[in-house]
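All values derive from a computational prediction rather than experimental measurement.
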Amino acid sequence: MDTHVHDRRRFLALAAGAAAAPLLTACGAGFGGDDSKSDGSAADDVTGSFDWKREKDTTVKALLNKHPYTDALIADLKSFTAKTGIEVEYDVFPEDNYFDKLTVDLSSGRASYDVFMLGAYMVWQYGPPGWLEDLGPWMRNSSATGAEWDQADFFPNLLQADQWSLKAGAPLGQGGQYALPWGWETNVVAYNTEVFKKLGLKPAETFEELTELAGGIKQRAPGAGFDGMYGIAVRGSRSWATIHPGFMTMYARNGLTDFRVDGGKLTPVMNSSEAVAFTEDWADMVKRGGPPSWTSYTWYQCSSDLGAKKAGMLFDADTAAYFQAVKGASPASGKIAFHPGPKGPDGSLATNMWIWSLGMNAKSKKKSASWLFLQWATGKEHLRKSAITHNHIDPVRKSVAGDAAYKDKMRHLPGFLETFETVVDQTRIQFTPQAQFFDATTSWAAALQEIYGGKDAQSVLDGLADDLADKVR
């Protein structure tokens with residue numbers, strides 16, 4: 001469940017303080033691309049033939065966020081212990097304070113936890129101070145990594161999303177591998193098939209059509225027996241999480257970027273004339289077809305309204321709709337279909353994503369055992385089981401996405417598999433990597449609220465760009 005959407009003011013404050021701390025030396029971090037040699041990594045100490053039992057009788061400590069992916073992991077931990085002889089102790093925290101806990105622990109250097117969940121965006125915060133182990137040397141060491149792990153089986157754009165050189169503005173997919181993709185969400189449109197059929201509607205192929213659809217549903221649905229239904233649910237709270245799903249997806253499909261990078265210098269460009277026009281159009285869509293209390297809307301409200309038949313459409317994480325669409329989950333279950341969403345003017349289906357990833361503490365004293373855990377948790381066997389018997393959807397591995405049993409499980413959701421297959425290769429992190437990401441996108445959400453409230457878009461976005469230009473220097 002896409003629970004990473006809550007307002008993270010405490011996390012932002014902690015992270016800002018942590019970013020100001022002295023730069024720490026990554027313990028065993030081997031920087032550089034896939035072909036670089038490791039530089040003093042603990043992975044070098046693992047020699048000989050690969051052996052799952054090499055760290056038997058060891059205990060690894062994990063910090064986990066309360067989430068369906070976590071439920072699937074915990075349910076299968078006995079398999080890991082049987083395979084390796086390694087015990088896993090874990091603490092699970094709700095997302096309201098999960099990242100607070102993780103940030104404090106990493107910044108302290110205590111290494112209370114060896115492995116943990118993190119979002120790919122957090123690599124930009126946790127990587128530069130040296131808190132994350134570079135997993136590249138472990139992946140490249142055939143003594144440490146079994147052949148069946150099969151790195152080539154990951155969707156490459158997902159693996160690249162957790163790989164970075166630690167330099168602001170530098171593209172992803174280069175440098176150290178600071179986490180591994182574990183479960184992810186693409187951002188698409190889900191819609192109520194009942195209201196679409198009754199009103200004779202079809203999914204929008206352009207953003208203009210989406211705006212017309214949203215407004216039309218809000219006007220016509222109540223008279224067709226859908227009392228209180230509005231057109232489209234999108235996030236609107238003053239949080240970084242408002243920007244990254246539907247808004248950033250459509251922004252990217254319009255060929256727009258958040259920053260221009262020139263010689264390592266980042267210049268905010270969300271105030272360009274094209275970006276201003278798009279932002280005005282987005283606010284207009286919400287005014288015409290969105291929820292009345294949009295400025296308080298998080299993932300939870302958006303998802304719940306689709307399930308309660310309050311929203312005719314949802315432009316958000318596919319999981320936000322999935323958990324309402326499954327049998328018996330909500331009043332709308334059985335009546336929710338999926339669509340890639342509007343294309344950009346040039347036909348683009350560029351899509352932003354969220355990735356739950358797994359990382360290793362650079363200060364861990366049990367790195368070899370921790371790597372075996374990460375290898376198992378992101379391996380084919382566990383992820384296949386989690387996708388088929390639990391709710392670990394949107395597979396990070398091609399073999400799971402193509403598995404007949406997985407496809408059979410998902411076929412009852414109209415358009416889900418087709419939508420996934422349409423956008424998977426065009427889905428990536430559409431933001432420019434930089435350590436002030438959470439602060440910058442929260443400010444962007446505040447600007448979006450002001451424009452929705454009637455303030456001049458150009459002046460609001462000029463002010464945002466000026467503010468961010470000082471912060472990302």
Side-chain angles (χ1 to χ4, degrees), residues 1-19 21 59-78 80-81 86-127 129 131-133 162 178-185 237 239-241 244 298-301 303-304 317 319-320 323 354-366 369-370 373-374 376-378 382 386 390-392 437-438 442:
M1 200 176 302
D2 181 358
T3 52
H4 57 275
V5 300
H6 299 296
D7 192 346
R8 295 227 176 92
R9 278 169 294 204
R10 286 183 64 215
F11 169 63
L12 292 170
L14 285 163
T59 299
V60 167
K61 192 77 181 286
L63 182 63
L64 303 169
N65 178 59
K66 186 171 175 52
H67 194 282
Y69 301 165
T70 300
D71 296 340
L73 180 85
I74 292 170
D76 200 25
L77 276 179
K78 287 179 182 175
F80 172 70
T81 299
I86 299 169
E87 295 286 341
V88 180
E89 294 180 356
Y90 56 87
D91 288 331
V92 180
F93 287 87
E95 182 135 2
D96 284 343
N97 60 350
Y98 175 78
F99 283 105
D100 293 354
K101 176 76 174 169
L102 178 58
T103 303
V104 167
D105 190 69
L106 288 174
S107 63
S108 74
R110 288 192 304 262
S112 305
Y113 299 96
D114 302 293
V115 293
F116 41 82
M117 286 170 66
L118 72 163
Y121 301 130
M122 282 74 185
V123 169
W124 308 347
Q125 195 77 47
Y126 299 154
W131 300 342
L132 303 177
E133 175 80 357
D162 285 320
Y178 291 100
L180 296 175
W182 186 42
W184 67 293
E185 296 149 10
S237 71
S239 165
W240 69 272
H244 88 82
T298 67
W299 173 91
Y300 179 77
Q301 284 78 19
S303 174
S304 297
T319 55
F323 286 107
W354 167 267
I355 308 181
W356 273 117
S357 304
L358 294 174
M360 187 194 304
N361 195 328
K363 298 292 185 185
S364 170
K365 301 290 192 290
K366 299 174 180 177
S370 296
F373 172 78
L374 295 182
W376 170 82
T378 60
H382 171 68
S386 296
H390 292 272
N391 287 315
H392 203 129
F437 168 78
F438 295 103
T442 298

Derivation of the side-chain contact (heavy atoms from CB on, under 4.5 Å) call for Trp182 and His392:
CA-CA 9 Å; Trp182 186 42; His392 203 129; 3.7 Å; yes

In short, Pro181 meets Thr378 closest at the heavy-atom pair O-CG2, 3.8 Å

In terms of side-chain heavy atoms, does Tyr126 have a donor or acceptor partner in Thr103 at a distance below 3.5 Å?
yes

Here the pair of heavy atoms bringing Phe323 nearest to Pro68 is CZ-CG, 3.7 Å

Tell me, yes or no, whether the heavy-atom count around Phe93 atom CZ, taken from other residues, nucleotides or ligands under 6.0 Å, exceeds 12.
yes

Give the minimum heavy-atom separation between Met117 and Leu358, together with the two atoms involved.
CG-CD2, 3.8 Å

Go through the steps to decide whether Leu77 and Phe373 satisfy the test side-chain contact (heavy atoms from CB on, under 4.5 Å), and finish with yes or no.
CA-CA 10 Å; Leu77 276 179; Phe373 172 78; 3.9 Å; yes

Measure up the Trp124 and Tyr121 rings against each other and bin them: parallel (under 30°), tilted (30 to 60°), perpendicular (over 60°).
perpendicular

Candidate pair Val115 and Val88, rule side-chain contact (heavy atoms from CB on, under 4.5 Å), full reasoning
CA-CA 10 Å; Val115 293; Val88 180; over 6 Å; no

So, do Tyr69 and Thr319 sit near enough that their side-chain heavy atoms are less than 4.5 Å apart?
yes

Where the side chain of Asp114 meets the backbone of Lys61, is there a donor-acceptor pair that is under 3.5 Å apart?
yes

Ser303 side chain vs Tyr300 backbone, donor-acceptor pair below 3.5 Å
no

Would you please test His382 and Leu73 for side-chain contact (heavy atoms from CB on, under 4.5 Å) and show each step?
CA-CA 8 Å; His382 171 68; Leu73 180 85; 3.7 Å; yes

Rounded distance [0.5 Å steps], OH in Tyr98 versus NZ in Lys66
14.0 Å

I need the minimum non-hydrogen distance between Ser364 and Ala111, along with the two atoms involved.
N-CB, 4.2 Å

For Thr70 versus Asn65, what's the shortest heavy-atom pair and its separation?
OG1-O, 2.6 Å

How long is the gap from CG on Asp71 to CG on Asp76, to the nearest 0.5 Å?
12.5 Å

For the residue pair His244 and Trp240, categorise the inter-ring angle as parallel (less than 30°), tilted (30 to 60°) or perpendicular (more than 60°).
parallel

Say you draw a straight line from CD of Glu87 to CZ of Phe80; how long is it, rounded to the nearest 0.5 Å?
9.5 Å

What is the minimum heavy-atom distance between Asp105 and Asn361, and which atoms define it?
OD2-ND2, 4.1 Å

State the CG-CZ distance between Asp91 and Phe116, to the nearest 0.5 angstrom.
14.0 Å

Do Gln125 and Trp131 come within less than 4.5 Å of each other through their side chains, counting heavy atoms only?
no

Exercise: do Gln301 and Thr298 side chains pair donor with acceptor under 3.5 Å
yes

Can you measure from CE (Met122) to CG (Asp162) and round to the nearest 0.5 angstrom?
11.5 Å

Under 3.5 Å: donor-acceptor pair, side chain of Thr81, backbone of Lys78:
no

